[in-house]
Novice: 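The structure under discussion is supplied below as structure tokens; questions concerning it will follow.
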Amino acid sequence: MSFAHLSGASVLAGLAVLASVLFLLQRLRVRHREITVITTQFWREATEEAQARVFVDRFRHPLAYLFVLLIGALLWIGVAGPRRDGGDGRDHALLLDASAAMAWPGRFDAAQESLLATVAALPRNRTTVVLCGARPRTLLLPGENALLLEERLRGSAPDACPETITRTIRDLAATANEGSPLAIRVFGDAPLPMSRIGLLPDAVDVVRDEAPSAEGTNTRITTLGVTAAASGSWTHVDILVGATGARISATLDGIPLDGIAVEANGASTDGLTIFRDVPANGATFSVVLDDGGAVTGDDRASVILPRRSLLTVSLPRDAPAALRRALVLDPAVKIVESDALVVITRDADTIATARAGLLLSDQSGGGAAFVVHGTATEIEAVRTSTTDPRALRDALRDLALDQIDATSLATDAGRAIELAFRNDGGRYIEVWESLFTDAFDFTRQRAFPLFVARAVRRAAAIEDIVPLVAAGETLPPHWGPLTDTEGHTLNAADGALRAFEAGVHTTATGKRLHVASLYVAPPATAADEQVPDAPSPGGVPFDLALLAGLAGTALLCGEWLLYRAGRMP
Amino acid sequence: MTGTRSSRAIPYDALFDADFLESVRHLRFVARRVDRRGRFAEQRSRDLGDGIEFRDFRPYAPGDDFRAIDWNIYRRLGKVFLRLFEQLEDLPLYIVPDVSESAFMETPPRARAGLRASLALAAISLNQHDSVGLLPFAEDLRMVQRPRAGKGTLPRFARRLAELEPGGGTDLVASLARLRSLRLRSGVVAIVSDFFDPAGIDAVTEALRGVRHRLVLVQLVRATDRAPDLTGNVRLRDCESGTGEDVSITSDVLTRYRRAYDRFDEGLAEFARTSGAGLVRLDCDADIVPQLAGLFSAGTFNA
């Protein structure tokens, strides 16, 4: 229970009650402490104590009563903490920017100091403080003591994320009390373009706290990407690194790269560097700026490379020639007789045992042309995609089936070309063998080798190269919600799914997503007008409660000394 | 003037020890005059007779002892004169310690200081061959030991002191009346008490004036008697009468209290001055012997 921030009427009522109680206590007969002495003859002469047994005594010590009342009132004011209302009748929301940009030396500390000074000057029962890091967090609710804010700010630091101020402003404006004006004050460097702020309701006023200009220069890593090797090697990847104005050092699992072809494209501003044919062995590729400048959070980035090895495939000796040719031409495939990772067969029992590969079915069997066997999660995601066709489209794209000429195939087959999904725990595709013959033009379609390659990779459980996005980058909505490595769901409440925090995340479909610690500022146009700076609060406010509490305590000590000296009843 | 009530006599070992007795040996009383009926001792008496110290001559009178006639004077002057020698006699010391409830209440009790002072006075007196009697008082006075002298008297006296139990309230006026009624041989009466008689100091001094002995008043005091360490609202209960006084301690009350105490103190001192009695104030919280030594600074104390 806290008595802090009582209204003025409540404080006055408390004072009245206090005065009444003290008055009644004065009137009550004193409860004496009994002490045995060797004689009372001198006390009898000295005292005028009334001996009658009465419930109340006469009002004996008016000055003492006033003194005690003063002490009680001061202590009560100190505890109750009455504070003059700001007077403008508005709710106040103070937003502290904790994005990566605030990692600039001294910026965050200066913003915190300014925030604390402002909070002390505002009515506490109408002030909210929000820390706008990767996940905005309320630090101080209306009515809470400002001392809590200082404690809660301790240890806070900017996150490796883009600004979340504008998102928070939008949330606050949406949840603000109707008819109650809201004054939002921003502490930090987050851009506040009028193109967005202007869309807020009239009752919401946004200002920025004055902040000193940043000093020093900064260089940072701007880009980090991984792609398949341009050389065509299945077991290697190419890596793209962009950095502003500084030399970079690259390592693979902490070991400096050796024998890797490096292609540099400019080194002054946003210089791009491509590392060619880096082994795709699952190692962590890291780049560090040799001179990172003022902000350290953007001087380092890393990515986990995919693990790539040749895929062993076995297939019947009399397998369709077009299929065999497509496999031979695939640089990722190695055809073997036995112990294959991927099995291509006509025998349902064999494929049921291997559970990964391609089952060549008989068209006359009446089944669908393509039957995708998969896990429950995978198949369920596709089946529930009637409301969101993007999941089905992704599934088709994964097998390049969205690129085939199904009409032509249906014409040749004399029946519809159907695609079915079956949840049996296998990871193989059942397809008409006849599609690989000259009876159909499937083998002549450009999607054919792609279909074979992707079917083999799906059977071998080869993931695509893990997407790498920059913090703040807008993601496809159906990836959401994202979860981080600790299982926390990352909020995407602003409608657009963004990766706000650097690290490894998992999409709704189970894919891993690397979010690099790269700061992506929201686009600002020349037409965007920034909101005005707010005047700084006028010095340290007069803390009546604190002074009253101190004065009351001092007087209490004085009263005790007087009492001990026998000068107080 | 606060403390806890004790109803037991003070153990012998807590009262007396050899060092204490040794330390008071060099102190002595000297009486101005002693009674005729006394026993041979070291005090000068009004009697001129069988002593060894020459004092005077006087003409012979029928019935005088022939052995006292100074024949040399008779040969020279032809008149008969007697040689007179001063007779040294004993000085009875009646020690009257206060054994009321209040004397045993505090920690340490005033009775401890009072009884040690009593024994010191007894030791002094016995060391110079005087006799010592013990008459403790509380609500009344009683004779515990008649005046005795001799070497064995002091241990007996000490045991008697150690056996004294708290005896109720203080009534010094009645006790002195009892003392008068005992018709004791004239001597020195040493009253060892706080003199806090509910009858008041005027009644006490009036009773003291009725005592026909030389008086030595040993007043047992404490610093808190005049400046009590009390604060707040208290109910003061008299340890002897059980009556209570509700007091709100303020500076005014304390001032009035000190004034009342000073009146009491001055009354006792005034009595001592006007009556020629000795008044000794002993601080109960300090060592008794140094305080007594201060009083006997010249080695003697004239009672």
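Every chain is numbered from 1, with letters handed out A, B, ... down the list of sequences. What you see is a predicted model, and the numbers here were worked out from it, not measured in a lab.
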Novice: Contact part of B:Asp197 toward chain A, heavy-atom cut-off under 4.5 Å: side chain, backbone, both or neither?
Specialist: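 Interface part for B:Asp197: backbone (N, CA, C, O).
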Novice: Does the gap between the ring centers of A:Phe42 and B:Phe196 come in under 6.0 Å?
Specialist: yes
Novice: Pick one of side chain, backbone, both or neither for B:Arg258, based on which atoms fall under 4.5 Å of a heavy atom in chain A.
Specialist: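 Contact with chain A is absent: no heavy atom of B:Arg258 under 4.5 Å.
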Novice: Would you please say whether a donor-acceptor pair under 3.5 Å links the side chains of B:Thr250 and B:Asp252?
Specialist: no
Novice: Could you tell me whether a side-chain N or O of B:Glu139 sits under 3.5 Å from a main-chain N or O of B:Gly169, the two making a donor and an acceptor?
Specialist: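 Yes, because the side chain of B:Glu139 sits within donor-acceptor range (under 3.5 Å) of the backbone of B:Gly169.
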Novice: Any carboxylate oxygen within less than 4.0 angstrom of a Lys/Arg side-chain nitrogen, looking at B:Arg281 and B:Asp265?
Specialist: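 B:Asp265 and B:Arg281: salt-bridged.
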Novice: At a 4.5 Å cut-off on heavy atoms, which part of A:Glu34 comes close to chain B: side chain, backbone, both, or neither?
Specialist: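 Both the backbone and the side chain of A:Glu34 come within 4.5 Å of chain B.
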